Amino acid sequence: MRYDLVIFDNDGVLVDSEPIANRILAAYLTELGHATSYEDSLRDYMGAAVHRIHDLVLERTGQQLPTEFDDTLHARTFEAFDRELQPIKGAVELLEQLVAEGVSYCVASSGSHERIRVGHRRTGLDEWFEDEWIFSSDDVGKGKPAPDLFLHAARSMGVAPERCVVIEDSPRGIQAATAAGMDVYALTSLTPRDRLTGATGRFDSLSELPGLLA
């Protein structure tokens, strides 16, 4: 493999959380009077930190979301994760291959540390990640599409940005990786290919990835 570090996005790349989380988010925003479809949620919020929801609702409506919004959203999301969450097909096999080849990897997600760990425990991926290999937008001043999170992950793992490759599934993630000076490969399972422009390459299944990174 021609990279020293593989940096994974989490939601939609390792765990099948995006359909669940965006369904919950769309329903909650609609309940609060901000009509949002599942498709709207994917387009506007997929790959972003939770502060974007507050910012966009305020920008569009002039209204603040309630102070309990984050806690309620997280509680509803985690409850649904406990019932429904699964690893992305091929994730375990890919991690097994990286370990066998001695390639370092980590997670850099817009989600909170709690969300990442809840998802990993529910899907069994927690056994593949040491705590120091998990990075969240909580750790930096600016989340995606700013490069800060990916640069923080690379620095913490001791690898130069140009020796890193990012695995993403959202336009914001692609922008962040590109701004960090890293190659980025985009999984097309939820986002149309024409919205994933700027990626080094695009792929439909994690089983394709080793061949792309070789």
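These figures come from a predicted structure and were not determined experimentally. The first residue in the sequence is number 1, and the count goes up from there.
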**Q** Let me confirm one number: the CG-NZ distance from L149 to K142, rounded to the nearest 0.5 Å.
**A**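 Separation between the atoms: 14.0 Å.
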**Q** Rounded to the nearest 0.5 Å, how far does CG of D11 lie from CG of D169?
**A**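 With rounding to 0.5 Å, CG (D169) is 8.0 Å from CG (D11).
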**Q** Nearest 0.5 Å, please: how far is CG in L125 from CZ in R121?
**A**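 CG of L125 is found 12.5 Å from CZ of R121.
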**Q** Using only heavy-atom distances, determine whether the side chains of D55 and H51 contain a donor-acceptor pair under 3.5 Å.
**A**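 Per modelled atom types, D55 and H51 side chains form a pair under 3.5 Å.
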**Q** Do side-chain atoms of T188 reach the backbone of F203 as a donor and acceptor pair under 3.5 angstrom?
**A**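 Indeed, once roles are kept as given, a pair shorter than 3.5 Å links the two residues.
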**Q** Using a 4.5 Å cut-off on heavy atoms from C-beta on, say whether the side chain of V140 contacts that of F135.
**A**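 They are not in side-chain contact.
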**Q** Once you round to the nearest 0.5 Å, how far does CZ of R52 lie from NZ of K144?
**A**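 The NZ atom of K144 is 13.5 Å from CZ of R52, to the nearest 0.5 Å.
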**Q** State, yes or no, whether a side-chain contact exists between L73 and I24 at a heavy-atom distance under 4.5 Å.
**A**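 Yes - at least one pair of side-chain heavy atoms lies under 4.5 Å apart.
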**Q** If I compare all heavy atoms of E168 with all of F150, which pair ends up nearest, and what's the gap?
**A**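 Smallest heavy-atom distance, with atoms named: OE2-CZ, 3.5 Å.
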**Q** Within the 4.5 Å heavy-atom criterion, are E79 and D82 side-chain neighbours or not?
**A**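 Side-chain contact under 4.5 Å: no.
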**Q** Give a yes or no answer on whether the side chain of T30 reaches the backbone of T36 with a donor-acceptor pair at less than 3.5 Å.
**A**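 It does hold such a pair.
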**Q** Taking all non-hydrogen atoms of both residues into account, name the closest pair between I134 and H113 and its distance.
**A**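 Reported closest heavy-atom pair: O-CE1, 3.3 Å.
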**Q** Any heavy-atom pair between the side chains of P171 and L196 that's under 4.5 Å?
**A**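 Heavy-atom side-chain distance check passes, below 4.5 Å.
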**Q** Taking the side chain as everything from C-beta on, heavy atoms only, tell me whether V118 gets closer than 4.5 Å to T77.
**A**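 No, their side chains stay 4.5 Å or more apart.
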**Q** Tell me if a side-chain donor or acceptor on T200 pairs with a main-chain N or O of V184 at a distance below 3.5 Å.
**A**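 At least one qualifying donor-acceptor pair exists.
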**Q** Within this structure, what is the NE2-CD distance for the pair H74 and E114, rounded to the nearest 0.5 Å?
**A**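 Rounded to the nearest 0.5 Å, the NE2-CD separation comes out at 7.5 Å.
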**Q** Whether the side chain of S189 engages the backbone of L187 through a donor-acceptor N/O pair (distance < 3.5 Å, no angle test) should be reported.
**A**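 Such a contact is absent between S189 side chain and L187 backbone.
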**Q** Let's go through Y105 and F129 carefully: what are the C-alpha distance in whole Å and the side-chain angles of both, what is the deciding distance for ring pair (Phe, Tyr, Trp, His ring centres under 6.0 Å) to 0.1 Å, and is it a yes or a no?
**A** CA-CA 9 Å; Y105 60 86; F129 288 90; 5.3 Å; yes
**Q** Give the minimum heavy-atom separation between I116 and G111, together with the two atoms involved.
**A**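 Looks like CD1-O, 3.8 Å.
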**Q** Can you say whether the rings of F69 and Y28 are parallel (under 30°), tilted (30 to 60°) or perpendicular (over 60°)?
**A**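 F69 vs Y28 ring planes: parallel.
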**Q** Any chance you could measure I174, atom CD1, to T191, atom OG1, to the nearest 0.5 Å?
**A**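 It comes to 8.0 Å.
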**Q** Around Q64, counting heavy atoms of other residues, nucleotides and ligands shown, do more than 12 lie under 6.0 Å from its CD?
**A**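 It does not: Q64 CD has 12 such atoms or fewer within range.
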**Q** Assess whether a salt bridge exists between D131 and R117, defined as any Lys/Arg side-chain N lying under 4.0 Å from an Asp/Glu carboxylate O.
**A**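 Result for this pair is yes, salt bridge flagged.
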**Q** So does E208 get a backbone contact from the side chain of S205, meaning a donor-acceptor N/O pair under 3.5 Å?
**A**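 Not confirmed, S205 side chain does not pair with E208 backbone.
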**Q** Given salt bridge (Lys or Arg N to Asp or Glu O under 4.0 Å), test D148 with R155 step by step and report yes or no.
**A** CA-CA 10 Å; D148 303 38; R155 184 168 54 249; over 6 Å; no
**Q** Please check this pair: side chain of S110 against backbone of G47, looking for a donor-acceptor N/O pair closer than 3.5 Å.
**A**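 Confirmed, S110 side chain pairs with G47 backbone.
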**Q** How close do L151 and M182 get, heavy atom to heavy atom, and via which atoms?
**A**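 Closest heavy-atom pair between L151 and M182: N-CE, 4.2 Å.
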**Q** Test E39 against R43 for salt bridge (Lys or Arg N to Asp or Glu O under 4.0 Å), laying out the working first.
**A** CA-CA 6 Å; E39 291 76 18; R43 181 194 65 231; over 6 Å; no
